[in-house]
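When a residue number appears, it is its place in the shown sequence, counting from 1.
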Amino acid sequence: QVQLVESGGGLVQPGGSLRLSCVASGSNVSIYTMGWYRQAPGKEHELVARIFSVSSGSSAIYANSVKGRFTISRDNAKNTVYLQMNSLKPEDTAVYYCNADREYSSSWGQGTQVTVSS
């Protein structure tokens, strides 16, 4: 089973950028559908972005709230998935979690805090 470790969160001002990383060990990220989810206090856990496995075409989908601002990508050589976040807004403040999905398997990272505030 794949193990996931997120990093890259922090405090940024509105309009700023952050790049989150999710490093996988124990398996290759290319065979998983990888996703970024987030949860803010008092709000529902939501999908932010997802990139499908190589066998599924490696296409990406995004929540409407982040479309055009966030980009999910995968570096198979580094076994890492990224979430580039630009034009950040206060409503993007949340704990961001990395997820790996495979038939009969689902793995989650520990989460990384993103705070957007002036």
Side-chain angles (χ1 to χ4, degrees):
Q1 189 178 24
V2 63
Q3 291 80 48
L4 307 173
V5 179
E6 304 104 326
S7 63
L11 173 64
V12 296
Q13 294 184 344
S17 297
L18 283 175
R19 189 193 196 195
L20 306 184
S21 298
C22 175
V23 180
S25 61
S27 193
N28 194 320
V29 296
S30 67
I31 68 172
Y32 288 84
T33 290
M34 306 295 298
W36 287 96
Y37 294 74
R38 68 186 181 187
Q39 186 167 24
K43 295 192 175 183
E44 295 180 354
H45 189 253
E46 66 173 340
L47 172 68
V48 176
R50 172 174 284 172
I51 184 167
F52 292 95
S53 65
V54 170
S55 63
S56 296
S58 297
S59 60
I61 60 171
Y62 299 90
N64 288 334
S65 60
V66 307
K67 195 171 297 183
R69 300 187 297 120
F70 290 10
T71 303
I72 187 170
S73 62
R74 180 172 57 215
D75 187 330
N76 294 328
K78 296 181 179 179
N79 215 28
T80 301
V81 174
Y82 303 96
L83 184 67
Q84 179 66 48
M85 306 185 294
N86 299 325
S87 301
L88 283 161
K89 305 174 181 179
E91 50 263 45
D92 295 319
T93 296
V95 178
Y96 285 71
Y97 298 91
C98 182
N99 167 255
D101 279 330
R102 186 71 169 163
E103 190 176 42
Y104 308 118
S105 177
S106 183
S107 299
W108 293 88
Q110 82 287 351
T112 184
Q113 176 72 47
V114 172
T115 302
V116 185
S117 177
S118 60

Distance, nearest 0.5 Å, that separates CZ of Phe52 from CD1 of Ile61 = 4.5 Å

Honestly curious: do Trp36 and Val5 fall in one hydrophobic cluster under the side-chain, below-4.5 Å linking rule?
-> no

Could you check if a side-chain atom of Val54 sits within less than 4.5 angstrom of a side-chain atom of Ile31, using non-hydrogen atoms only?
-> no

With sequence neighbours excluded, what pairs up with Arg74 under the salt bridge (Lys or Arg N to Asp or Glu O under 4.0 Å) test?
-> none

If you group Ile, Leu, Val, Met, Phe, Trp and Tyr by side-chain heavy-atom gaps below 4.5 Å, do Tyr82 and Val66 land in one group?
-> no

Judged by modelled atom types alone, do Asn79 and Ser25 share a side-chain donor-acceptor pair under 3.5 Å?
-> no

Looking only at heavy atoms, which two atoms of Gln84 and Ser17 are closest? And how far apart?
-> NE2-CB, 4.0 Å

Is it the case that Ser117 and Thr115 place a side-chain donor and acceptor less than 3.5 Å from each other?
-> no

Tyr96 and Phe70 aromatic ring geometry - parallel, tilted or perpendicular at 30°/60° bounds | tilted

Determine, using the 4.5 Å side-chain heavy-atom cutoff (strictly less than), whether Tyr37 and Val95 are members of one ILVMFWY cluster.
-> yes

Scanning both residues in full, the closest heavy-atom pair of Gly9 with Val114 reads CA-CG2, 4.1 Å

Point-to-point distance, once rounded to the nearest 0.5 Å, from OH of Tyr97 to OG of Ser107 = 15.5 Å

For Leu88 and Met85, which heavy atoms make the closest approach, and how far apart are they?
-> CD2-CB, 3.8 Å

Give, for atom CG of Leu83 and atom CZ of Arg38, the distance between the pair rounded to the nearest 0.5 Å.
-> 9.5 Å

Applying the side chain to side chain contact (heavy atoms under 4.5 Å, CB included) test to Tyr62, which of Ile51, Thr71, Val48 qualifies?
-> Thr71

Work out which heavy atom in Ala94 is nearest to a heavy atom in Ala40; give both atom names and the distance.
-> CB-N, 3.8 Å

From Leu11 CG over to Ser118 OG, what is the distance, rounded to the nearest 0.5 angstrom?
-> 10.0 Å

So how far is it from Asp92 CG to Ser65 OG, rounded to the nearest 0.5 Å?
-> 7.0 Å

Do the non-hydrogen side-chain atoms of Arg50 and Asp101 ever get within less than 4.5 Å of each other?
-> yes

Without swapping roles, check the side chain of Ser27 against the backbone of Val2 for a donor-acceptor pair under 3.5 Å.
-> no

Roughly how far apart are Glu6 CD and Gln110 CD, rounded to 0.5 Å?
-> 4.5 Å

Exercise: identify the closest heavy-atom pair between Ser53 and Thr33 | N-OG1, 3.3 Å

Would you say Val116 and Glu91 make side-chain contact, with heavy atoms under 4.5 Å?
-> no

List the steps, then state whether side chain to side chain contact (heavy atoms under 4.5 Å, CB included) holds for Val81 with Ile72.
-> CA-CA 7 Å; Val81 174; Ile72 187 170; 3.9 Å; yes

Heavy-atom pair of closest approach, residues Cys98 and Leu4 | O-CD1, 3.6 Å

